[in-house]
Every structure is written in C-alpha cells, then in structure tokens.
Amino acid sequence: MSDIFEGADHENHHEVDKITHVSGMFKNWFIDYASYVILERAVPAMEDGLKPVQRRILHSMWELEDGRYNKVANLIGNTMKYHPHGDASIGDALVAIGQKDLLIDCQGNWGNVLTGDSAAAPRYIEARLSKFGLEVIFNPKTTNWGLSYDGRNKEPITLPVKFPLLLAHGVEGIAVGLACKILPHNFNELIDASIQILRGKKAVIFPDFATAGIADFSEYRDGIRGGKIKIRARIKELNAKTLIISEIPFGTTTSSLIDSIIAANDKGKIKIKKVEDNTSENVEILIHLQPGISTDKTIDALYAFTNCEMSISPNSCVIENETPKFLGVSEILKISTQQTLQLLKRELEIEQSELEEKWHFASLEKIFIKEEMYIDFKKYSNKETLSLHDALPITKKLYLSIYTSNLSRTEKNSFAPLMMKTFRNSPKFL
Amino acid sequence: MAKQISNYTEDNIKSLDWKEHIRTRPGMYIGKLGDGSAFDDGIYVLLKEVMDNCIDEFMMGEGSKIEIQVKDGVVSIRDYGRGIPLGKVVDVVSKMNTGGKYDSEAFKKSIGLNGVGTKAVNALSINFKVTAYRDGQAKTAEFSKGELIKEHKLVSTNEKNGTLVEFRPDDTIFKKYHFVHEYIDKMIWNYAFLNIGLKLYLNGQEYKSDNGLKDLLEKNITGEIIYPIIHLKGDDIELAITHSNEHYSEEYYSYVNGQYTTQGGTHLAAFREAVVKTVREFYKKEFEPSDVRKSIVAAISVKIQEPIFESQTKTKLGSSEIAPGGQSTRGFITDFMKEQLDNYLHKNPETAKAIEAKILANERERKELSGIQKLARERAKKSSLHNKKLRDCRTHLDDVKDTRRLETTLFICEGDSASGSITKTRDVNTQAVFSLKGKPLNCFGLGKKVVYENEEFNLLQSALNIEDGLEDLRYNNVVIATDADVDGMHIRLLLLTFFLQFFPDLVKNNHVKILQTPLFRVRNKKETAYCYSDEERKAAIAKLGPKPEITRFKGLGEISPDEFKHFIGKDIRLEPVLIDQKASINELLNYYMGKNTQDRQDFIIGNLRVEKDVEKELIG
C-alpha cells in the first residue's frame with residue numbers, strides 16, 4: 001500500500017476479523033455447559049462419593065453442628081453460602097440424604113420412601129449429623145480445602161470419607177451426554193466385602209434395596225453401562241380372590257405401583273376389582289380380583305404389564321481427576337477401601353506427630369529443669385543466636401529428633417519461648 | 001419591515017459544502033454507521049459504492065477483472081475498465097452530481113447512477129486516493145475527508161487501463177471499525193454470481209461463477225434439496241428455484257440491477273405470486289399458495305430502469321414498472337415465468353413430479369397443523385392485544401420512514417436475571433425486551449407445531465412477527481442476552497436451535513446476535529469495573545489495586561440497572577451469529593441437540609473444561 005496509508009494508526013483495526021461461526025458457538029457453549037453439568041452437578045466424585053450439592057450440605061451441617069437439631073430451612077440457607085443455586089434443589093437433595101437414613105439424624109416428617117409421601121416443609125423438619133456421619137465423613141485435618149464461589153468462605157474440595165458411601169447410598173444423575181446410575185448396597189455386605197479386599201481376597205457385591213423385592217442380577221456386569229437387572233415385587237396369593245404385594249421394586253412407590261396396575265387394568269391387560277394400599281411400616285398392597293380370574297395368570301400379567309417388574313440399567317460413572325470414569329462397582333469398592341485405609345493411616349500419622357511434638361516439648365522442659373539449665377543460662381544470653389548444640393546435654397534420641405526436624409526453626413521460634421516459659425516457671429531464676 | 005428582516009440576509013443562508021453535508025448526515029448516504037460487526041454497517045456500504053462503479057464498467061463490456069484488497073483497515077479496489085478520463089479524475093470523486101452515467105442507455109439499469117457513491121466514500125475516508133490509468137498515462141489524486149490534499153502530475157505507466165481506488169474509513173465516524181471477512185466474502189460472491197464472466201480477486205483469492213444464480217443457490221443451500229435447481233434466464237431477468245428437504249421457511253435471494261434487496265419488494269412479491277400461478281396452471285389444481293411456497297429456495301435477479309426503492313439503503317424495491325412508462329414489474333415477471341417455468345416443467349417431468357409430491361406433503365402437514373393453528377390464532381389474538389412476555393419499543397423495523405428503524409433491537413433475556421435491569425435502562429424508542437421464564441424447550445426434532453403449542457415460542461414468534469416470513473420482522477437486531485454462566489450457555493443453545501430449525505432466514509440474514517457480557521468483575525470498596533477480556537481485567541486490577549476483589553462474572557442479575565446502561569448503550573458489544581458455509585445446520589443440531597451418542601460422549605470427555613476460580617490466577 002502506498003504513501004498516505006502508511007504510518008497511520010493500525011492498532012484499532014485487526015486486519016479482517018476472525019469470526020466464530022455458529023458451529024463454533026455451539027461447540028463452545030455446549031462444552032461449557034456439558035463440562036459444568038458433568039463435573040459440578042450430576043456425577044459424584046470418586047474420592048467421597050458425593051455430588052457437589054451433597055458435599056456442601058454435609059459440610060454446612062458440620063459447620064453448624066453443636067449437638068442439637070437444626071431447622072432444615074436454616075441448613076439450606078447456610079448451604080447457599082457454598083452452593084449458588086435455588087433453595088428447592090438444595091432442600092430436595094437434603095431430604096434425599098436424610099431418607100437414606102445413614103448420615104443424618106432426622107426429626108419430624110421426612111416423608112415416606114415406601115408410599116412416596118413427601119417430607120414436611122423445611123421450616124418444620126429438623127436435622128443433625130448422625131454419630132456415624134460425624135465419625136466417618138469429617139476430619140478437617142485430612143480435608144483439602146478450596147474457596148467457595150464468592151471467594152469468601154472455605155469449602156472442602158472433597159470430604160475425607162472413610163467408608164464406601166457412594167455404594168451404600170447409590171446415585172442417579174443425568175448429565176449432558178452421559179448419565180450416571182449406581183444402585184444402593186447393603187451396609188453390612190459392603191463392610192464384609194471391604195474386609196475381604198483388605199485380606200487380598202476377591203469380593204463380589206450386588207445391590208440391595210430398602211424396598212426389598214426380588215432381583216435378577218445375571219446381566220449386572222458389575223454395574224457398568226450395558227448391564228441390566230430385573231427387579232420384581234413380591235406377590236403372594238392371599239386367597240383365591242386376593243393377591244398381596246409385600247415388597248415393591250426399587251424405584252417405585254406404592255402409589256406409583258398402584259397407578260401402573262390401574263393403567264394395566266384400564267387397558268384390559270389384567271382384570272381386577274379393587275386395589276387397596278394398606279401400607280404402614282411394611283408394604284401391603286391388596287389386589288382384589290374379579291370373580292373367576294386365575295391368581296397365577298394375574299401374577300404373571302402383573303409382572304408383564306405393570307411396574308411389578310422393573311428393568312434397570314445401571315451406568316456406573318464417577319469423577320476422578322476431573323474426568324468421568326466408567327468404573328465397575330467392585331472397582332469402586334476397591335478404590336474406596338484403599339482410600340479408607342490411607343485416610344486412617346494418615347489420621348494415625350497426624351496423631352502420632354502431634355503426640356510426638358507434645359512428648360518432645362515435655363521432654364525438653366523436663367531436661368531444663370532436671371539439668372538446672374536456667375542457672376547457666378546467663379552465659380548464653382549475650383549470644384545472638386542460640387544453638388542447641390552448645391546448650392544442651394542432649395540425650396541421643398531427643399537430639400536426633402531436634403536435629404533432623406526443627407533445629408533451624410528451633411533456634412528462634414521453639415527454643416526461646418520454651419526457655420522463657422521454663423524460666424518464668426522457675427523461682428530460682430527470678 | 002425592512003428592519004425586521006435585516007438580520008436575515010443572503011449571508012445567513014448557508015449551503016453546506018457537499019463533504020460537510022455527507023459528514024454531518026452520513027445516514028442519508030450510507031444508512032447506518034456501526035463498527036463493522038453487522039453486515040449492513042457503513043464501512044461495507046463504502047466498499048460497495050466503489051465496487052458498483054467497477055461493476056458498471058464490466059457491464060459496459062470493459063474490464064472482466066476486479067482486484068480487491070482489504071488489509072489493516074484499508075481497502076483498495078482496482079478495476080480494469082476504461083479508467084476515469086484523466087482530466088476529470090478529481091471532479092468525478094469530489095464534485096457532486098458528476099458522473100458518466102447520465103446519458104448512456106446501458107447505465108439506466110445501474111444502481112450507482114446518481115453520482116453520489118464515490119463522493120460519499122471520499123468524504124467519509126480519512127485517506128482516499130484515486131488513480132486512473134489510461135493508455136499509458138496515470139493520474140493520481142489524494143484526499144482526506146473529501147478535501148483534496150495532493151493532485152499528482154500525469155505520469156507515464158505500464159499499467160493496464162482502469163481505475164484504482166484506495167481508502168481508509170474515517171474512524172472518528174466509524175468508531176473502532178473492523179472489517180469482517182465473512183461479510184466481504186459474501187458480498188464479493190454476490191457480485192460474482194450476478195455477473196457471469198467477471199473474475200474478482202479478494203486478497204488474492206479468486207471469485208467467479210459460470211452459472212450465476214444457480215451457483216448462488218448451491219452455495220447457500222444447507223442440506224438436501226428435492227430436485228435439481230431450475231435455472232431460467234431471459235432478457236433482464238434470471239431465476240433459480242428449488243425446494244429444500246430440510247427447512248420449513250421460504251428462502252429468497254432477490255436482486256435488482258445487481259443490488260441485493262434483503263427486504264424484497266415488488267419484484268419478489270411478483271415472483272412469489274407468479275410461482276403459485278404457474279404451478280397451479282401447470283398441474284391444473286388450486287393449491288394453497290403457502291403449500292406451493294413452503295420450503296422453497298429461490299433467487300431472482302432483474303434489471304430495471306431507474307429503479308425506485310422504498311428505503312435509502314436500497315434494500316426494498318418499490319418500482320411497479322420495469323422502465324418509466326413501461327411494462328409493469330408484475331406483468332414482466334409473470335409473463336416470463338408463465339412461459340419459461342411452464343416449459344421447463346413440461347420438459348422435466350421428474351422435477352414436476354417431485355414438486356407436486358412436495359406440495360401435497362405440505363398440504364397434508366398444513367391440515368395436521370390447522371387444529372393447532374386455530375389455538376394459535378386465538379393466542380395470537382390475545383398476544384396482539386397484549387404480548388405478556390414482551391416490553392415493546394416505539395419504533396419497529398417495518399416503520400419504513402423512521403430513521404432509527406435499523407437500530408431496533410429485541411433483547412431476549414432470562415426473566416429472573418436481566419429483564420428488570422434492561423427494561424429500566426433501555427432506550428424505549430428502539431430497544432424492546434422479551435423475557436423467558438426458565439429454560440426454553442429443546443425443540444430439536446420437533447415439528448413446526450411446537451411453535452404454536454409452546455406458549456413461549458408462540459409469543460416470541462408473534463413478538464418478532466415472522467410467522468409468514470421475514471418481510472414483516474419488527475426488529476433489525478434479535479439479541480440473545482443471557483448470563484455468561486453455564487445455564488446462560490444452555491439457553492443460548494436452546495434459542496439458537498429454535499431459530500435455526502424454524503426460522504433459519506432470521507439467522508442467515510444476520511439478524512440474530514449475542515450480547516457480550518463482562519467476564520470478570522474487579523472491585524474495591526469504592527469502585528467496580530466489569531471486564532470483557534483478560535487485558536481489560538489486568539488494566540482494571542492496575543487501576544483499582546492494590547488488592548481488589550476479583551470474581552468471575554456470574555450473571556446479569558448481579559449488575560444494577562444504572563450499570564447496565566453501559567452494556568446496552570452506544571458501546572454495546574454484539575457478536576453476530578454466522579452460519580458456516582460448509583456445515584449442515586441439520587447435522588450440527590442433530591449432533592449437539594439430538595440424542596446421546598457414544599461419539600458425542602467421547603467428544604465431551606475429550607474436551608472437558610475445568611473452571612478454576614482461584615483468585616491468584618485471576619490477579620496474575
């Protein structure tokens with residue numbers, strides 16, 4: 001380009017702008033959204049088996065823990081310090097944890113998992129952490145902390161859970177592009193299996209449901225994607241005209257089950273006179289048949305056409321190192337068991353070092369007094385720094401530990417105050 | 001008496017110098033100003049004005065090559081026509097109403113015949129340089145803001161005949177302007193399609209077309225078509241027609257004398273009418289017009305003497321005659337199509353069969369929809385009484401006479417996030433607000449009836465007034481103003497899916513934009529700064545230091561109304577939504593908005609983004 005156009009201000013104009021096309025925009029937005037939903041919303045972390053909302057609820061409960069019950073509404077409010085979302089989603093998640101009856105000690109009407117009745121409003125019901133929860137989930141010393149979303153509070157990145165919590169609770173989450181479904185397991189079976197693993201033996205686990213029922217795990221495939229299980233309600237013949245359902249499949253409630261039975265009846269797949277829900281502590285659904293209808297055939301039809309038989313496809317998925325991993329449940333149990341071992345070890349190590357430190361200072365103090373060091377102390381007081389080598393007739397063991405771990409620090413930080421303390425306590429010196 | 005008017009003498013009457021007039025009222029000459037982020041911004045009109053002269057040379061049979069360079073904000077255009085007569089070089093670009101196109105018959109069908117174009121470019125450029133090459137001699141003149149700076153002496157040259165125009169738009173008028181390659185590319189292609197035999201070079205890349213409008217359709221069609229493009233040519237008229245298999249709307253590209261009439265006009269109206277008439281007569285069936293035209297993709301180019309436009313920017317043709325006192329535009333187009341299209345359909349029975357099948361399918365679909373449309377009509381009645389999601393503005397795009405019609409903007413916002421703030425601070429003359437409630441439906445794969453069934457979509461359609469195509473669109477800019485957080489991204493995806501699936505024309509004609517919102521907030525106890533980029537963030541930290549609070553921006557709801565003014569005022573930042581030339585929209589939507597596939601899952605896992613909100617990182 002010639003003369004007059006040269007030297008002019010070029011900075012404002014990028015040559016010809018690079019433009020993001022709609023496909024680029026889609027990719028960009030989609031990845032942003034999908035990443036967030038996968039990593040921060042729907043899929044649990046391998047380390048503690050919790051989704052972010054659950055972790056924040058538990059942390060918030062621990063923060064408020066004083067041994068007394070807290071109103072759930074207040075717990076929700078406190079959780080919002082960490083979880084920038086609506087109160088309803090936090091409340092639902094809290095009630096769901098409570099209904100699992102493991103980590104939270106519930107007071108008031110928390111709903112009914114059998115009938116599907118919902119919990120009372122958050123301003124009525126109360127909660128505190130259970131003994132088990134307090135013992136197994138929290139330990140600030142072994143927790144990795146990060147900043148909360150507004151940068152004003154600390155929150156755990158993951159909690160140091162010393163138990164295969166994820167498998168006990170089970171989880172269901174629908175993210176973008178992938179879904180996650182891990183079924184709940186029996187508490188005692190998990191512990192037994194963990195022990196097997198620690199003994200170096202192979203452990204096989206299968207899900208267990210609070211709603212009981214009968215299940216076929218032949219195609220379970222360790223809970224990974226592509227596996228499938230069939231769960232049936234337990235139906236018995238009460239008499240020639242009546243059937244009784246005493247256990248229901250996982251994922252149904254007595255209300256939803258009855259709805260499906262009525263729907264099948266409307267379609268003419270089964271012929272019944274009446275359905276009654278007599279559930280109290282245990283499930284009891286009575287199905288009154290029309291006269292002349294065979295009970296056996298009705299039972300078969302119930303399994304075929306209603307939710308009395310459910311097919312569930314697990315899809316075991318967890319977040320590890322900020323990536324979704326598709327691990328089988330026995331693999332998850334193995335990792336979780338090792339993690340628990342490591343955490344316990346770490347706790348013991350921390351306790352040991354705390355005790356050692358205590359013992360260390362106690363021993364020093366003892367030596368000071370025993371050797372009447374403070375009498376000669378004047379001799380050292382005009383020295384700028386004090387070295388333990390000069391000062392102490394140290395026993396071999398103590399010397400080593402001071403020498404290796406905290407000599408340089410000791411000179412100014414530990415040693416001097418310790419001496420001061422010793423002096424102050426010593427009438428002779430004064 | 002004499003005393004009273006003594007102050008009003010001849011001295012008081014000023015006639016503005018031509019360049020001053022252009023510079024004080026640029027809108028009269030080039031439409032809106034803008035910074036180049038929209039396709040109809042002023043800097044592209046400058047480019048076009050110069051190009052039009054080159055095209056006129058080509059139409060005179062001179063100079064089949066035009067070279068265009070756009071670099072560092074400077075445009076240079078070289079044609080190989082006859083070159084401006086050397087003695088008149090200065091006059092042609094700097095004297096009003098001077099030109100060579102007043103007497104020739106050929107130029108009667110030209111666009112730039114009023115002798116204003118190049119002068120406007122000259123007056124609105126900080127540097128403007130014109131060189132004419134003629135028979136071994138060259139004459140150069142340099143200007144700044146229309147003022148002659150230097151008139152060079154005649155020199156001898158080896159260059160071939162023609163004219164070279166170089167200009168740098170004045171950035172006191174086009175603030176922070178930048179050229180978008182995409183728009184220029186599209187413009188140059190249009191010249192190529194409409195001028196068979198002309199070779200254009202943009203920054204060295206060649207643009208030419210052998211089949212005119214047929215090539216144009218092929219380049220613009222996304223997805224499958226039902227039958228091969230029908231391409232018809234006659235004196236002063238050229239047509240290309242096909243039906244799309246993928247989208248529902250009618251899609252037209254209409255041109256008058258090489259000018260793209262984005263809003264159609266009499267020629268397009270005549271064409272739409274004539275298609276239906278011809279088809280009805282050919283099949284001897286009284287098809288509904290909408291069934292014939294649904295999914296049609298067509299281009300029409302006509303040449304008209306002394307065309308009249310309904311707007312200054314020449315985007316809508318108003319001429320009812322093809323020449324002053326000549327045949328009516330409507331009659332001309334109808335006659336041509338009745339003969340040529342009818343002949344074509346007789347000669348190509350397979351195409352005829354495909355068209356009939358498509359029309360019948362459209363008819364079936366319409367009947368299925370009619371029940372829902374009844375419901376929709378009732379709703380439309382209600383929403384024309386009061387559209388409850390819309391807070392309208394005073395001016396609309398279809399108020400042809402209003403000077404601010406091109407500024408009209410509809411903000412589509414998340415209801416609980418920004419609606420309130422935007423409503424409070426908007427310019428109620430041109431800025432309207434449409435509030436969504438929560439996330440809109442993912443309409444991918446759903447039929448058109450969802451536009452009627454879903455109340456939110458229905459109200460949006462009626463706010464935009466695009467049920468029957470773009471002609472009555474009420475806002476020039478449709479701006480998606482969601483939060484810059486992840487849920488905002490999701491809503492953008494969902495809304496674009498809606499527009500791309502049911503109203504792709506809206507996107508193709510560059511009406512849809514994304515409101516850029518700040519990425520960071522930097523604040524100390526006294527001041528708050530919103531930053532759009534890392535550079536801005538660093539600058540703000542330097543200014544507000546030593547230890548400002550820095551947060552990644554979470555949502556528009558965090559901004560108070562009086563701060564919001566700056567985000568939607570004259571410094572508004574809009575990102576245009578541009579459709580790629582190559583990718584199929586349908587495939588795109590299917591991939592991102594359709595069912596889960598293993599492929600997509602792998603793609604997500606391979607591209608996961610981890611957001612780290614560490615303050616240290618932000619300060620660094």
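A note on names: the letters A, B, ... follow the listed sequences, proteins ahead of strands, and every chain is numbered from 1.
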For this session: Show your working on side chain to side chain contact (heavy atoms under 4.5 Å, CB included) between A:Val176 and B:Asn596 and close with a plain yes or no.
Result: CA-CA 8 Å; A:Val176 179; B:Asn596 268 339; 5.9 Å; no
Nearest atoms (heavy-atom pairs only) where [X] meets [Y]:
{"X": "B:Leu608", "Y": "A:Thr323", "answer": "CD1-CA, 4.3 Å"}
{"X": "A:Ser35", "Y": "B:Asn607", "answer": "OG-O, 4.4 Å"}
{"X": "A:Gly177", "Y": "B:Ile604", "answer": "CA-CD1, 3.7 Å"}

Contacting region of [X] [heavy-atom separation from chain A under 4.5 Å]:
{"X": "B:Ile514", "result": "side chain"}
{"X": "B:Thr497", "result": "both"}
{"X": "B:Arg600", "result": "side chain"}

Verify side chain to side chain contact (heavy atoms under 4.5 Å, CB included) between B:Gln601 and A:Phe326, making sure each step is shown before the conclusion. CA-CA 12 Å; B:Gln601 187 177 93; A:Phe326 298 92; 3.4 Å; yes
Step-by-step side chain to side chain contact (heavy atoms under 4.5 Å, CB included) determination, B:Val486 to A:Val37
CA-CA 9 Å; B:Val486 288; A:Val37 175; over 6 Å; no
With a 6.0 Å cut-off (strictly less than), is the heavy-atom count around [atom1] of [X], excluding the residue itself, greater than 12?
{"X": "A:Ile157", "atom1": "CD1", "answer": "yes"}
{"X": "A:Lys334", "atom1": "NZ", "answer": "no"}
{"X": "A:Lys230", "atom1": "NZ", "answer": "no"}
{"X": "B:Lys175", "atom1": "NZ", "answer": "no"}

Quick one: do A:Leu39 and B:Val610 satisfy side chain to side chain contact (heavy atoms under 4.5 Å, CB included)? Show the steps, please. CA-CA 8 Å; A:Leu39 298 176; B:Val610 184; 4.0 Å; yes
Run the salt bridge (Lys or Arg N to Asp or Glu O under 4.0 Å) test on A:Glu322 and B:Arg609 for me, step by step, so that the C-alpha distance in whole Å, both residues' side-chain angles and the decisive distance to 0.1 Å come before the verdict.
CA-CA 9 Å; A:Glu322 286 161 348; B:Arg609 277 186 204 148; over 6 Å; no
- Task: Flag the pair A:Met25 / B:Met489 as yes when at least one side-chain heavy-atom distance between them is below 4.5 Å, and no otherwise.
- Result: no
Measure the shortest side-chain to side-chain distance between B:Asp485 and A:Asp32 over non-hydrogen atoms and say whether it is less than 4.5 angstrom.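 In short, these two side chains do not touch, never coming nearer than 4.5 Å.
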So CG of B:Leu589 and OG of A:Ser23: to nearest 0.5 Å the spacing works out to 11.0 Å
| request: Find the distance between CZ (A:Phe30) and CG (B:Leu588) and round it off to the nearest 0.5 Å. | output: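 Atom-to-atom, A:Phe30:CZ and B:Leu588:CG are 10.5 Å apart.
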Give a yes or no on whether a salt bridge exists between A:Arg41 and B:Asp487, defined as a side-chain N under 4.0 angstrom from a carboxylate O.
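Salt bridge present between A:Arg41 and B:Asp487.
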Please verify the inter-ring angle class for A:Phe26 with B:Tyr592; under 30° counts as parallel, over 60° as perpendicular, anything in between as tilted.
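If you compare the ring of A:Phe26 with that of B:Tyr592, the planes turn out tilted.
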Among B:Met593, B:Lys595, B:Gln598, the residue with the most heavy-atom pairs under 4.5 Å to chain A is B:Gln598
